[in-house]
Engineer: 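I have a structure I would like to understand better, so I am pasting it below and will then ask my questions one at a time.
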Amino acid sequence: MRKHVGDLCLQAGMLQDSLVHYHMSVELLRSVNDFLWLGAALEGLCSASVIYHYPGGTGGKAGARRFPGSALPAEAANRHRPGAQEVLIDPGALTTNGINADTSTEIGRAKNCLSPEDIIEKYKEAISYYSKYKNAGVIELEACVKAVRVLAIQKRSMEASEFLQNAVYINLRQLSEEEKIQRYSILSELYELIGFHRKSAFFKRVAAMQCVAPSISEPGWRACYKLLLETLPGYSLSLDPQDFNKGTHRGWAAVQMRLLHELVYASRRMGNPALSVRHLSFLLQTMLDFLSDQEKKDVTQSLENYTSKCPGTMELLTLPDGLTLPPVPFTKLPIVRRVKLLDLPASLRPQKMKSSLGPSVSAKSPFIYSPIIAHSRGEERSKKIDFQWVQGDVCEVQLMVYNPMPFELRVENMGLLTSGVEFESLPAALSLPAESGLYPVTLVGVPQTTGTITVNGYHTTVFGVFSDCLLDSLPGIKTSGSTVEVIPALPRLQISTSLPRSAHSLQPSSGDEISTNVSVQLYNGETQQLVVRLENIGMEPLEKLEVTSKILTTKEKLYGDFLSWKLEDTLAQFPLQPGKVATFTISIKVKLDFSCQENLLQDLSDDGISVSGFPLCSPFRQVVRPRVESKPVNAAEGGRPGEPGHVKTLEAVLNFRYSGGPGHVEGYYRNLALGLHVEVEPSVFFTRVSTLPATSTRQCHLLLDVFNATEHELSVRARSDEELILHAGECQRMAIQVDKFNFESFPESPADKGQFANSKHLEEERQEARGLEINSKLDIHWTIPSLKRTGEASVEGLLNQLVLEHLQLAPLLWDVLVDGQPCDCQAAACRVGDPVRLEVRLTNRSPRSVGPFALSVVPFQDHQNGVHSYDLRHAVSFVGSGTFYLDKVQPSGQAACLGALLFLYTGDFFLHIRFHEDGPSKELPPSWFCLPSVHVRALEAQA
């Protein structure tokens, strides 16, 4: 009865009276061992004490404190508790667990009220009494719940978990399915209340599974799915894949994968395949590192089955309760480690025309260093790339990817995600082998407009799921920049030639890349025509074209123009519209040194021919040498330059600089390089060069020993002379009668002299010019009839100073005239008894004045046996003096002296003109006094 009265007082709000009655009932019931009612009395005592200590209630976490406006005023509380003593609790005096640290300071502390610690003890005692009765399970469970709520206010989580653990094992009567769900849900809420989140998630998951128990005729899959979603935070799961890119993985992966599988199954049973695909994609993306090889295969197979009916997208999925599921991009299928924007090929790279004004002054700072400018430049450099793409051209981005799956990964529809300009992405499909390691993948696209383009990421379709993967969300990715400038469109030039492609790839020192390499084999002195075919394969007209050449570093001495062309006819066809073709011809002429400086062949000096050429002998002589095959000499066997059979190499680069269209207006152009590899085989060698005097003082014979260095029969021709036939490895001597050269007539302006560093260079340049002049007059050509190939044989670089002197006209030109006719090569005819007029003329070509000179005419006869007869006083008589005198002659001036002779007998007479050895003649070299030999034939006098 006392306990019943206490319940009524508690219900009436009379807390003090209820405490008194509960204490008295406890004492009475303890004495009679009525444990069921004793437990109830103890529970009532605890409830009244809780009301005193926690007037805000135990339903919420804030029940331990009374915040302003959160609890009723004391007067209102007293009106609801008539007769009860007013209890005032200072909120500031409570500790964090809701217990007053100093109970003596509590104002109006009620008598018989249990302390917070005693409340829990009494709850434990009451629960122990309830447990003695099998039918009191519900009462025991309620007591446990009440104790847990009180402990939650007191922040005593571990003790509260003991009560909840006891509540789990309480054996209740047969509960309905709804009651079981409610029981597990309440347990989950209580575990959440005390901060046991994973335990709370566990019981909520049990409640979710109870919603679809086999005993339920109509399973509640929607309720199950909703409860499963609520368990995600307890297992450290989030539906946003971005949360899994932050640091290490949180939570138990095995439990998380089990929960995600259950979400996939529940969403499928709900009839929402898009939701199933989203959760299964999330499972594969976030739990990939924890899946076994077999699990990876199973998950991907299930995903492919789902996406065959409902493909995965990048759209947000919104649930009926308002929850939004973000998209799940497959950034790990494949995994991307590096992204690099590639420059255009060397032949398509745009280059800016250099401005004559130089760089903009505004871009420069007057300060040596500015931290603001340095920071901004560094930031810009990390993003923007220093090359350009061209509108309308295919641009490439290289990705280094690898496949983490234990099977072949097929990636479809892989393309670029860009912003800034209109960009046409050309998707690619690839197949990566199992656990491939880093694998390069090139994605391409075409910018349709100009401006600044930013590569934001890429898109893929894997296992039927379409993914947009942004670079900013990829962990551990390396990139050298993602922003590049797109310039206006330019034409595209394609070059083809009449020569075959070369296996030799030229490497210019400038670092320029050669797009095409061609090769040709020529004999030394041969000329080859290279036909270049220019085709505009772009979409813009080709308006401007410039062609330049550069010979790469070579040790060989080149004579003449190696490459020459005329571009006027080709430029007349411009502008070259798209799809049109133009051609032009380049002449390749190889003229290397024709001398055999290694002296491999025997010298031909055994016949007395000297370099000076003064000793007389036959101008033609043939010497047959062993064939080249008997003494093989080639480059592969270590042949040296200058040896017969040695193949020399010449390399050059032809640069085609072209532009057109909108890019030309903006000052851009393209450069296409053509590499030329020429192998030069020896044709002929001049083993020796010498001279012989001719009958005329203004002519001489040039003697050349010619060696055939080829393996074929070869003919050599000089000007219009007869051909000289040379077999392979054969050497012959050829004599060419040439007019002496007036080298002093070459212009020597001060500007020309200023181009050379010193007199040595000037002299070398003069000698080269003389060699060129001599070679053009000789016009020596060789022909290989069997190959139908011909070329030039040049004597440039062969002529030494002594030979050049013999080929040069003397500074003083002497002419002897007999009866007014020049007497140089042929004999002059006269009649016996008739006076013969003799005139000696002098032309001064030297830069100084010469003379005066005294000349004596000495007649003699040559008996053709080495004997000369000078005693001709009875055969030849002088009309006047036999000595001629010439006055002083100024530069470029002329002088003449006259005399006469009378021949008394018939015969052939020679006149030897001799200078008197006086002062002026001694100062000049003897070569200046080279007078022609005068041959006079005296005939019978006419009757």
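Computation of the quantities below employed the complete heavy-atom set of this structure, encompassing side-chain atoms and omitting hydrogens, waters and symmetry-equivalent molecules.
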Engineer: For the pair D243 and R250, find out whether any cationic side-chain nitrogen is under 4.0 Å from an anionic carboxylate oxygen.
Structural biologist: no
Engineer: Is it the case that the side chains of Y235 and Q256 hold a donor-acceptor pair, with the cut-off being a distance below 3.5 Å and no angle test?
Structural biologist: no
Engineer: Between CZ of F584 and CD of Q573, what distance do you get to the nearest 0.5 Å?
Structural biologist: 11.5 Å
Engineer: Quick one: OG1 on T585 to CG on L530, what's the gap to the nearest 0.5 Å?
Structural biologist: 8.0 Å
Engineer: Should the pair K297-E295 be classified as a salt bridge under the 4.0 Å nitrogen-to-oxygen rule?
Structural biologist: no
Engineer: Quick one: list whatever passes side chain to side chain donor-acceptor pair (under 3.5 Å) with Y306, sequence neighbours left out.
Structural biologist: R268
Engineer: Any chance you could measure Q285, atom CD, to L333, atom CG, to the nearest 0.5 Å?
Structural biologist: 6.5 Å
Engineer: Any chance the rings of H664 and Y669 have centres within less than 6.0 Å?
Structural biologist: no
Engineer: Under 4.0 Å between a Lys/Arg side-chain N and an Asp/Glu carboxylate O for R349 and D343?
Structural biologist: yes
Engineer: Please identify each residue that fulfils side chain to side chain donor-acceptor pair (under 3.5 Å) with Y523, with sequence neighbours left out.
Structural biologist: none
Engineer: Just how far is it from atom CZ of R278 to atom CG of L325, taken to the nearest 0.5 Å?
Structural biologist: 6.5 Å
Engineer: Just by distance, with hydrogens left out, do S267 and S276 show a side-chain donor and acceptor under 3.5 Å apart?
Structural biologist: yes
Engineer: According to side chain to side chain donor-acceptor pair (under 3.5 Å), who are the partners of Q448, at least two apart in sequence or on a separate chain?
Structural biologist: E424
Engineer: Between E526 and R789, does any side-chain N to carboxylate O distance fall below 4.0 Å?
Structural biologist: yes
Engineer: Taking the six-membered ring for Trp, are F244 and F282 ring centroids under 6.0 Å apart?
Structural biologist: yes
Engineer: Are a donor atom and an acceptor atom from the side chains of N403 and S436 found within less than 3.5 Å of each other?
Structural biologist: no
Engineer: Would E546 and K544 pass as an ion pair if we require N to O under 4.0 Å?
Structural biologist: yes
Engineer: Between the side chains of Q301 and N305, is a donor N or O closer than 3.5 angstrom to an acceptor N or O?
Structural biologist: no
